[in-house]
Amino acid sequence: MHFGVILVCLLITVVAQPTMAAKFTWREWWKNTIVYQIYPRSFQDSDGDGVGDLKGITSRLKYFNQIGVDTIWLSPVYTSPMADFGYDVADFKDIDPIFGTIADFDDLIDTAHNLGLKLMMDFVPNHSSEEHEWFLQSKENNDTNNPYRDYYVWKDPKIGCNDPPEKCVPNNWVSVFGGSVWEWEPKRKQFYLHQFLKEQPDLNYNNPEVHREMKEVIKFWFEKGVDGLRVDAIRHMYEDQDMEDEPINPEYTPVPGERPQYDSLIHTKTADLPELHDVIKDWRGIFEDFSSEPNYRFMVTESYDTHRALLPYYGTPNQPEADYPFNFGLTELTNESLSGKEIHNKVQDWMKDLPGGKWPNWVIGNHDTARITERLGIKYARAMNILNLLLPGTPTTYYGEEIAMEGIWVPYNETQDPYAINNPNHWEEYTRDPERSPMQWDDTPHAGFSTTNGKTWLPVNDNYLTGVNVADQITNQKSSLALFKTLANLRKTESSFQTNHLKYAIVNEQIFSFFRLSGDSTLLSFLVIVNTGDSPSTDDYQTALMNDDFVVPGFGVVEVSSGMDRNGDSVELNKISVASGEALVVKVQVSFGNKASVTMPCIIVIAIMAMMGVILQDFFPLQI
Ligand code: GLC
Ligand code: MG
């Protein structure tokens with residue numbers, strides 16, 4: 001009977017505990033990090049040619065230690081004619097001279113590792129450059145003795161078509177960058193498929209040789225010590241073999257006379273085909289082969305898709321795939337749609353359908369999407385960093401977000417991005433130049449990015465002269481960078497930010513707020529609030545948070561505010577006021593609630609029983 005009492009007491013005590021702190025294992029280092037995306041052309045130029053390079057990146061690595069970032073991801077630095085600025089790879093196992101040499105890469109990775117940083121590379125499996133040796137060979141002829149004959153997706157002109165063969169495309173498929181996916185090759189008298197630019201022919205994953213070659217590429221970079229890969233454009237790897245047309249998207253209104261645009265079709269034949277999951281599982285095997293304590297190799301996949309289409313890229317417990325697919329939900333917020341509810345929808349989309357045991361992730365910007373300062377306005381730059389870094393899971397931050405860099409304006413005739421150049425009717429909508437402008441380090445010429453006497457490859461935003469640069473912000477306690485550092489530190493030191501726990505507090509048109517319960521027995525927790533409205537909002541968070549498990553006190557302390565101007569202030573939780581565009585992180589010391597009130601008497605009962613000597617007898621009955 002005594003034993004029963006103890007058991008019940010222990011059970012209640014355990015149930016009353018909050019989620020325990022995540023102790024990350026060596027296989028989980030990526031859960032406890034911020035991933036910082038470097039666009040190598042734009043980060044730091046070391047040789048004065050106006051384009052960033054590897055030596056430049058190496059020279060800046062200590063910056064990451066300073067700001068609390070432990071993982072960097074490099075967009076492609078492989079040999080490339082730069083039709084798509086490196087996403088057109090001409091040699092998967094070499095570095096483009098514009099970025100440096102393999103020796104420079106070795107130096108970069110050694111320096112990074114010595115500084116305790118992880119390094120991820122971009123891996124571009126869907127296509128190569130048209131200048132890749134495989135393609136140069138493949139396009140020569142269709143002879144069975146050409147070993148590269150089937151490395152790409154080749155098709156004959158459509159049967160029954162009366163036009164000249166080069167006009168007889170096999171079907172209506174459209175490339176992501178606009179126009180047909182089919183390009184005529186006179187030497188073979190066939191079309192090859194490209195889901196992106198015609199300079200980016202798609203590799204043929206129905207050919208086992210292509211699988212073998214690409215696995216060699218993964219091994220090559222793992223042998224060099226790379227800690228993880230971001231897998232590019234994964235949904236485009238396979239196309240349906242039946243070659244039938246894709247259905248027309250009824251919601252798309254074509255511009256008369258314009259070549260077909262990607263959104264004009266529904267991509268049932270060219271995206272998210274099930275067989276690509278077998279490839280990812282296969283690659284996961286290589287990642288495992290190269291994972292041994294303390295080096296786990298981390299995989300992120302990239303596709304622009306609905307969250308439902310993305311979640312399967314996590315795989316299953318028995319057959320894991322990516323550690324996570326990028327979650328681009330927050331990059332879809334626009335100034336028009338922004339509201340507390342809309343942020344909630346985006347967060348909830350991912351959280352509610354997240355497969356069991358999987359880890360969330362967030363992205364607010366990248367080299368394909370207008371900067372957050374453009375989409376939502378400079379006003380939200382800081383609040384969005386707070387969300388990105390304090391929602392449960394791993395954040396990816398795009399270079400410059402930490403100093404609230406803004407986009408640049410580039411006229412059409414100086415535009416670099418092929419996506420815009422190829423689609424003149426949509427160029428302003430499509431151009432990715434604005435978010436690719438050089439990193440702003442200080443207030444010297446070209447913002448310290450380059451020593452060139454000429455132009456940098458894209459213009460530097462002039463606002464580097466007015467405080468939007470690292471040097472100015474690093475010494476300013478109230479800067480965006482100071483905020484970023486504080487948030488990075490909170491993620492590292494507070495167990496609340498190391499678990500999957502998320503409880504929404506107040507969510508309405510104006511406010512999005514959530515609570516991160518402490519992951520350890522201290523119960524020191526955090527309330528995060530963002531006001532997306534045009535006016536201040538004062539709300540009762542104490543009532544919103546109150547529940548059976550814990551008691552919410554009357555007061556909390558602002559751990560950090562987006563303006564860095566309320567830090568340390570005491571606030572009454574039943575009437576916290578948040579300004580328009582402001583975000584607050586409030587430290588809240590909760591205590592045990594109802595279940596806990598059962599725990600305490602239990603402890604007292606056990607203590608009394610112990611004093612009476614009954615407990616020991618329960619467990620170790622005396623043998624007389
Ligand atoms: C990915 C990249 C994008 C590139 C495309 C083709 O979406 O992020 O920049 O243009 O793949 O490789
Ligand atoms: Mg350079």
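The basis for the numbers below is simple: all heavy atoms, side chains too, and nothing from hydrogens, waters or symmetry mates. Each ligand, and each atom within it, is numbered from 1 in the order the structure gives.
What sits closest to atom 7 (O) of ligand 1 on the protein, heavy atoms only, is E302 OE2, 2.9 Å. For atom 4 (C) of ligand 1, the closest heavy atom belonging to the protein is D84 OD2, 3.3 Å. The protein atom (non-hydrogen) at minimum distance from atom 5 (C) of ligand 1 is F196 CE2, 3.7 Å. Of the protein's heavy atoms, D232 OD1, 2.8 Å lies nearest to atom 11 (O) of ligand 1. In terms of protein heavy atoms, atom 9 (O) of ligand 1 is closest to D368 OD1, 2.7 Å.
A salt bridge links K187 to E140: one of the charged nitrogens lies within less than 4.0 Å of a carboxylate oxygen. Ionic pairing of D353 and R308 is present here: one or more N-O contacts between side-chain nitrogen and carboxylate oxygen are shorter than 4.0 angstrom.
Annotation: W73 is not in aromatic contact with Y399 [ring centroid separation under 6.0 Å not met].
If you number the atoms of ligand 1 from 1 as listed, the ones under 4.0 Å from a heavy atom of R432 come out as 3 (C), 4 (C), 9 (O), 10 (O). In summary, the atoms of ligand 1 found under 4.0 Å from a heavy atom of H127, numbered by their order in the structure, are 6 (C), 12 (O). Atoms of ligand 1 lying under 4.0 Å from any heavy atom of F177, numbered from 1 in the order shown and given with element: 10 (O).
Within the 4.0 Å heavy-atom criterion, the part of R230 lying near ligand 1 is the side chain and not the backbone.
The cationic atom of K139 (NZ for Lys, CZ for Arg) does not lie both less than 6.0 Å from the six-membered ring centre of F135 and within 45° of the ring axis. Geometrically, K118 engages W29 in a cation-pi contact defined by less than 6.0 Å to the ring centre and at most 45° from the axis.
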For residues 242-250, run the donor-acceptor check on the side chains, cut-off 3.5 Å, and write out each pair with its distance to 0.1 Å, sequence neighbours left out.
| from | atom 1 | to | atom 2 | distance (Å) |
| --- | --- | --- | --- | --- |
| D242 | OD1 | E244 | N | 2.9 |
| D242 | OD2 | K269 | NZ | 2.8 |
| D245 | OD1 | N172 | N | 3.0 |
| E246 | OE1 | H267 | ND1 | 2.8 |
| E246 | OE2 | T268 | N | 3.3 |
| E246 | OE2 | K269 | N | 2.9 |
| E246 | OE2 | T270 | N | 3.0 |
| E246 | OE2 | T270 | OG1 | 2.8 |
| N249 | OD1 | E251 | N | 2.9 |
| N249 | ND2 | D263 | O | 2.9 |

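With sequence neighbours left out, the side chain to side chain donor-acceptor pair (under 3.5 Å) criterion links N366 to Y304, T369.
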